[in-house]
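Please read these numbers as outputs of a predicted model, since none were measured by experiment. When a ligand or atom number is given, it counts from 1 through the structure's own listing order.
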Amino acid sequence: MTYQNPPTIPRKSATFDDYTLSEIRRAAATGIYDIRGSGAKRKVPHFDDLLFLGASISRYPLEGYREKCDTTVVLGSRYAKKPITLKIPITIAGMSFGSLSAPAKEALGRGATLSGTSTTTGDGGMTEEERGHSETLVYQYLPSRYGMNPRDLRRADAIEIVVGQGAKPGGGGMLLGQKISDRVAEMRTLPKGIDQRSACRHPDWTGPDDLEIKILEIREITDWEKPIYVKIGGARPYYDTALAVKAGADVVVLDGMQGGTAATQEVFIENVGQPTLACIRPAVQALQDLGMHRKVQLIVSGGIRNGADVAKALALGADAVSIGTAALVALGDNDPRWEDEYQKLGTTAGAYDDWHEGKDPAGITTQDPVLMSRVDPIAAGRRLANYLKVMTLEAQTIARACGKNHLHNLEPEDLCALTLEAAAMAGVPLAGTNWIPGKNNS
Ligand SMILES: Cc1cc2nc3c(=O)[nH]c(=O)nc-3n(C[C@H](O)[C@H](O)[C@H](O)COP(=O)(O)O)c2cc1C
């Protein structure tokens, strides 16, 4: 009898997995790198790796239906004559007009206003749709200066100086020609249909001293009324936060590597910057070392999805969070009801990220008049408001279970971590131990 080899299972490489192989083939076929929207898709330590402990004998929980858990937050109390008070500590992040359609911008304004929170402009300037429908509007002052004018600085409720973004710290954004409509071109004073690359650094600064001068300049233009935020990507959160505070920021916005972008090189999105979870404690430490924690407010963004994420970010020391991607999903982005059209674009609902191409079937990341007419700003705004309400209720549920009558009373001591990495990054004990890796050895 001859010996027959048993069938073997073909083994695929973990290093050269299917996606990697397809990317090598794509690069070989086209000779161009991949540009896409959305944030990092690789798995990195995140809020999912933390758990709340809840109350037991040593802690006294609050009753959900009778006892209050406050959610208000005041932003800009350091120097601004008119700080902003929001009903919830969840703001809408800056997303450019150009990357987003005008109806999407209007829907963001409507949803934020219904919820008592703020929305933010973005690269490319302020649209009437968003100013008109946003009770509280933060105006971004970006390295590109596209669409920037002093009149709009004065029409805003706060100014956000963008130094960087979590998806691409050290890099500038892109807006490809397909999305440069007449209106987008006019607002940016650049030609229609031509690819635009936003600058990666401000033209008039070479270091932190220049940031201080810029903040003073903007305070003068706005009569010292408006809170001035400084937005940084998750590069060196301790030093960048400290420098922003020293330069005179009222608020620091810290965006981790999972943060969304409208269009950036994939290699950049996936390989530059630190996970959001790893950025928060160093930033809070910088504020504490300067005696500025809760005096200069910290807004954290990058991968915030639900009320638990909000509560965890706040427990680690943030004053508020900001959402981009999740807000777009609430408006209708990547909705399975457009699956047939996603398939025609070679993708599927939930994975669609070629936002730079301007072919978004949901009408959100496009300037195509037919596609964007699919967004009903009133209905989409209401969906965003519903989603923000659910997130807030979820965060309150957790806070009450930890015995807190304000979301800001959550603290690291309410948390434990499921993994060593998350314990080290968040500075909370590994579950079942009192061990914080890197902090003590007991
Ligand atoms: C479509 C889109 C456009 C964006 N445009 C800008 C922009 O113009 N300026 C900016 O500072 N950040 C921009 N961002 C980043 C967001 O402000 C924010 O930092 C990020 O989306 C937060 O992460 P999240 O999407 O996981 O919530 C953009 C993000 C998206 C998704």
Side-chain angles (χ1 to χ4, degrees), residues 35-41 44 46-47 90-101 104-105 108 118-127 130 138-148 159-169 171-176 179 184 187-188 196 198-200 202 229-234 252-264 269 273 275-277 279 299-306 309-310 313 320-331 333-334 352-358 360 362 364-367 384 387-388 391:
I35 295 174
R36 67 167 174 85
S38 191
K41 294 190 176 185
V44 293
H46 196 36
F47 295 114
I90 310 163
T91 67
I92 306 300
M95 291 182 274
S96 64
F97 170 66
S99 80
L100 297 188
S101 63
K105 277 301 220 178
L108 291 172
S118 61
T119 185
T120 313
T121 61
D123 222 352
M126 183 190 284
T127 62
E130 63 187 342
V138 182
Y139 184 59
Q140 282 199 335
Y141 186 90
L142 294 112
S144 72
R145 307 283 199 274
Y146 290 150
M148 209 301 285
I159 316 297
E160 182 169 302
I161 299 178
V162 178
V163 175
Q165 268 178 251
K168 46 176 189 272
M174 299 172 177
L175 191 67
L176 300 196
K179 294 176 79 173
V184 173
M187 282 180 66
R188 295 179 181 224
Q196 292 182 7
S198 297
C200 67
H202 287 261
Y229 304 7
V230 173
K231 177 173 179 176
I232 52 175
V252 175
V253 181
L254 174 63
D255 192 30
M257 83 169 278
Q258 294 103 311
T261 172
T264 301
I269 299 174
T276 306
L277 188 66
C279 293
I299 302 179
V300 165
S301 60
I304 303 279
R305 305 152 299 175
N306 52 42
D309 291 350
V310 177
V321 301
S322 197
I323 57 167
T325 306
L328 300 186
V329 174
L331 298 189
D333 170 64
N334 264 294
Y352 176 62
D353 57 18
D354 284 329
W355 299 343
H356 57 290
E357 291 181 350
D360 182 359
I364 292 168
T365 58
T366 180
Q367 299 301 319
L384 175 61
Y387 168 60
L388 289 168
M391 283 177 109

- request: Pick whichever of Gly302, Gly260, Gly324 has a heavy atom sitting closest to atom 20 (C) of ligand 1.
  value: Gly260
- prompt: What heavy-atom pair brings Ile269 and Gly37 nearest, and what distance separates the two atoms?
  reply: CD1-O, 4.4 Å
query: Backbone, side chain, both or neither: what part of Asp123 comes under 4.0 angstrom of ligand 1, heavy atoms only?
result: both
task: Please check if the side chain of Lys179 supplies one atom and the backbone of Ser99 the other of a donor-acceptor pair under 3.5 Å.
output: yes
- request: Would you check the N or O atoms of Ser99, main chain and side chain alike, for any that come under 3.5 Å of an N or O of ligand 1?
  value: no
query: Is the shortest distance from a heavy atom of Gly94 to ligand 1 less than 4.0 Å?
result: yes
- prompt: So, does Gly166 sit close enough to ligand 1 that a heavy atom of it is under 4.0 Å from the ligand?
  reply: no
task: State the atoms of ligand 1, each with its element, that fall below the 4.0 Å cut-off from a heavy-atom position in Gln140.
output: 7 (C), 8 (O), 9 (N), 10 (C), 11 (O)
query: Using a heavy-atom cut-off of under 4.0 Å, does the side chain or the backbone of Gln258 touch ligand 1, or both, or neither?
result: backbone
- prompt: Which atoms of ligand 1 are found less than 4.0 Å from any heavy atom of Thr325?
  reply: 24 (P), 25 (O), 26 (O), 27 (O)
field: Set of side-chain hydrogen bond (donor to acceptor under 3.5 Å, both in side chains) partners for Ser144, sequence neighbours left out
entry: Asp123
query: Between the side chain of His202 and the main-chain N/O of Arg145, is any donor-acceptor distance below 3.5 Å?
result: no
- request: Could you establish whether Gly303 and ligand 1 come within less than 4.0 Å of each other, counting only heavy atoms on the residue side?
  value: yes
- request: Please round to the nearest 0.5 Å and tell me the distance separating atom CE of Met257 and atom NE2 of His46.
  value: 11.0 Å
message: If I apply the N/O under 3.5 Å rule, does Trp355 come out as touching ligand 1?
response: no
- prompt: Going by the order shown, which atoms of ligand 1 are within less than 4.0 Å of some heavy atom of Ile323?
  reply: 27 (O)
task: Please report the shortest heavy-atom distance between Asp255 and Ala167, naming the atom on each side.
output: OD2-N, 4.3 Å
- prompt: Can you check whether Thr261 has an N/O within less than 3.5 Å of an N/O in ligand 1?
  reply: no
Interfacing atoms of ligand 1 (cut-off 4.0 Å, heavy-atom, Val162): 11 (O)
query: Between Asp360 and Thr366, does any side-chain donor sit less than 3.5 Å from a side-chain acceptor?
result: no
query: Ignoring hydrogens and geometry, is there a side-chain-to-backbone donor-acceptor pair from Thr91 to Ser118 under 3.5 Å?
result: no
Lys231 neighbourhood, listing ligand 1 atoms whose heavy-atom distance to it stays under 4.0 Å: 10 (C), 11 (O), 12 (N), 15 (C), 16 (C), 17 (O), 18 (C), 19 (O)
query: Does at least one non-hydrogen atom of Thr121 fall below 4.0 angstrom from an atom of ligand 1?
result: no
- prompt: Which bit of Gln165 is near ligand 1, meaning a heavy atom under 4.0 Å away: side chain, backbone, both or neither?
  reply: side chain
query: Any N or O of Thr365 that comes nearer than 3.5 Å to an N or O of ligand 1?
result: no
query: Hey, does Ala262 come in under 3.5 Å of ligand 1, counting only N/O atoms on both sides?
result: no
Leu142 neighbourhood, listing ligand 1 atoms whose heavy-atom distance to it stays under 4.0 Å: 9 (N)
message: Tell me if a side-chain donor or acceptor on Gln258 pairs with a main-chain N or O of Pro275 at a distance below 3.5 Å.
response: no
statement: Distance col, row Leu100:CG vs Ile364:CD1, nearest 0.5 angstrom, shows 8.0 Å
Sequence-distant partners of Asp309, side-chain hydrogen bond (donor to acceptor under 3.5 Å, both in side chains), two or more places apart: Arg305
- prompt: Is the closest heavy-atom distance from Ala326 to ligand 1 below 4.0 Å?
  reply: no
message: I'd like to check Val138 versus Ile159 (side-chain heavy atoms, cut-off strictly below 4.5 Å). Are they in contact?
response: no
message: Below 4.0 Å from ligand 1: does a non-hydrogen atom of Asp255 turn up there or not?
response: yes
- line: Among Gly259, Ser96, Gly122, Ala40, the residue with a heavy atom nearest to atom 5 (N) of ligand 1 is Ser96
